[in-house]
Amino acid sequence: MKATGAVSFWQATLAVLWKDLAAEWRSRELLSAMLVFALLVIFIFNFALELQTQLRASLSAGVLWVTLTFAGTLGLNRSLAVEKDRGCLDGLLLAPVDRAAIYAGKALANWVFMLIVAAIMLPLFGLFYNASLILPGVVLVVLLGSEGYVAVGTLLASMAVQARTRDILLPILLFPVVIPVVVAAVKATGGYLQTLPLEEIRPWLNLLGVYDVIFTSVAFMVFDSILEE
Amino acid sequence: MDQPANTVNYFITGYVIIFGAMLAYLVSLVVRWHHLRQDEALLTQLEAEKTNPQAGEAKPHQPV
Amino acid sequence: MSTTPRALVAMDVAAGLALAVATGMVFFYAPLERVMGAVQKVFYFHVAAGWVGMLGFGLAAVAGIAYLVTRRSRWDLLGVAAVEIGLVFTLINVVTGMIWARPVWNTWWTWDPRLTTATIMELVYVAYLMLRQGIEDPERRARFGAVYAIVGFLSVPLTFFSIRIFRTIHPVVLGGGDPTVTGAFAMTPRMTQTLMVSLVAFSLLFMALLWHRLRLGELGERVEQLRLKLQS
């Protein structure tokens with residue numbers, strides 16, 4: 001155990017994370033909505049693009065990430081709207097914890113949800129299109145990509161839910177900012193699926209890493225000023 | 001390629017758009033400025049009437 | 001009644017004169033490019049507008065940081081002013097880019113890194129205005145605006161790099177290869193001079209417009225306070 005401040009930060013983070021996971025375990029409303037939505041998106045893509053059963057690797061990477069991005073928006077909006085509506089944010093604010101811990105906890109919970117969705121989508125996707133998507137490289141890209149997505153997404157969603165136009169605002173705020181992550185994730189996933197040499201994939205992994213670091217740290221710095229009332 | 005391509009139309013369109021956009025923005029600034037000025041005048045007048053009903057403007061306005 | 005400050009009038013005059021000189025140079029002084037012809041002259045104001053757009057968005061991010069540190073509403077007014085002007089000039093930049101692309105690359109639109117990034121940037125700041133519109137409380141609006149201005153500006157270079165790596169792996173087919181090659185030209189001294197004067201003129205214009213927009217914001221704030229005072 002180090003200094004008490006550090007301990008209380010992690011304790012608070014874990015408490016928020018635990019609260020979200022426990023609530024989700026009881027209701028399962030967020031995950032089930034994300035999953036059904038993701039499935040529907042895949043089905044729409046199938047008809048809209050007339051996908052073949054043996055899908056081109058580059059195309060399936062794109063479909064996969066668009067699906068995850070859309071489903072993620074649904075989850076993020078719900079996750080923070082619940083806090084707002086039940087007044088949980090106010091309760092959390094009254095608690096003598098670091099605000100950054102609230103952000104960390106919420107972001108971790110959202111990341112877990114995204115990863116659960118991805119863990120179910122990847123095998124299903126492989127089943128539908130007769131392809132194996134569960135490669136170590138793809139798993140790495142999903143981890144990195146969803147981290148960056150959730151880091152910005154949690155920050156922006158906590159602003160969006162406090163606005164009058166909150167139902168429509170999150171994708172408009174999030175998508176233009178998150179484009180580099182989606183581009184990099186699509187290209188890296190496609191690279192691994194096409195078994196390209198690592199030199200061609202590495203720039204995308206680097207970009208994902210840089211994005212994750214920049215946006216996670218900036219979110220920690222500015223989150224304080226979103227929650228103060 | 002001795003002669004340059006004849007792209008004068010594109011050139012003119014370009015500059016019409018550039019100056020048009022800047023002009024439109026200027027007009028929007030002026031319009032907004034005037035609207036706010038009117039609001040300001042109206043609000044100061046209302047406030048003056050509120051604090052001192054007799055000192056209102058010359059128009060026949062009865063304080064409630 | 002507040003009158004326009006002397007310095008602002010001087011700045012207006014300077015910006016107007018500089019813009020007139022730059023326009024004159026573009027029309028009469030800059031040489032006609034050998035291959036592309038007259039449309040190449042769009043380039044001067046195209047670049048200058050892009051520069052002002054970046055200046056505006058960068059300034060908005062700086063104002064956002066300053067607001068979060070000092071919590072003075074003036075920084076917020078500066079932020080909105082800068083974003084609004086940045087939007088106007090980025091739009092000019094994108095549209096003139098398309099006008100230039102049509103005769104040179106034979107298409108209105110290419111997924112060229114710069115053009116695409118500029119357009120995504122435009123969308124980021126449209127989102128910024130929409131976020132502000134959705135929030136009534138001025139203090140919260142300022143805070144959220146500041147946060148989004150910072151996040152949005154950080155994403156711009158990342159977007160640019162991601163699209164550029166994308167393009168180097170997948171070369172552009174349209175225009176027969178790398179877009180920087182087709183339509184590239186060597187700058188003659190006269191061209192460089194014209195570009196420099198255009199950049200100076202647009203920078204002056206930016207400052208003058210920013211000042212005017214800031215005054216508009218201050219007036220808006222005064223009116224808002226009057227309204228609140230009357231309602232209470």
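Below, chains carry the letters A, B, ... as their sequence lines are ordered, and counting in each starts from 1.
Residue C:Val42 touches chain B through both its backbone and its side chain, counting heavy-atom pairs closer than 4.5 Å. C:Val223 touches chain B through backbone and side chain together, each having a heavy atom under 4.5 Å away. Only the side chain of C:Leu19 comes within contact range of chain B, judged by heavy atoms closer than 4.5 Å. Heavy atoms closer than 4.5 Å to chain B are found in both the backbone and the side chain of C:Leu230. Heavy atoms of B:Leu26 lying under 4.5 Å from chain C belong exclusively to its side chain.
In terms of non-hydrogen atom pairs under 4.5 Å with chain B, the most contact-rich of C:Val95, C:Leu205, C:Ile85, C:Leu219 is C:Leu219. Between chain B and the residues C:Arg102, C:Met98, C:His212, the most heavy-atom pairs under 4.5 angstrom are made by C:Arg102. Annotation: maximal heavy-atom pairing with chain B below 4.5 Å, among C:Leu226, C:Thr96, C:Leu216, occurs at C:Leu216.
Listed by first then second residue, pairs satisfying salt bridge (charged side-chain N to carboxylate O under 4.0 Å, His left out) with a partner in residues 79-90 of chain C read B:Arg32-C:Glu84, C:Glu84-C:Arg213, not counting sequence neighbours.
Under 4.0 Å is where a charged nitrogen must lie from a carboxylate oxygen, and between C:Arg141 and C:Asp76 no such pair does. Electrostatic pairing of B:Lys50 and B:Glu47 does not count as a salt bridge here, judged by no charged N lying under 4.0 Å from a carboxylate O.
You'll find the ring centres of C:Tyr128 and C:Phe153 outside the 6.0 Å limit. Residues C:Phe206 and C:Phe202 keep their aromatic ring centres 6.0 Å or farther apart. Checked against the 6.0 Å centroid criterion, the rings of C:Phe89 and B:Tyr25 do not qualify as a close aromatic pair.
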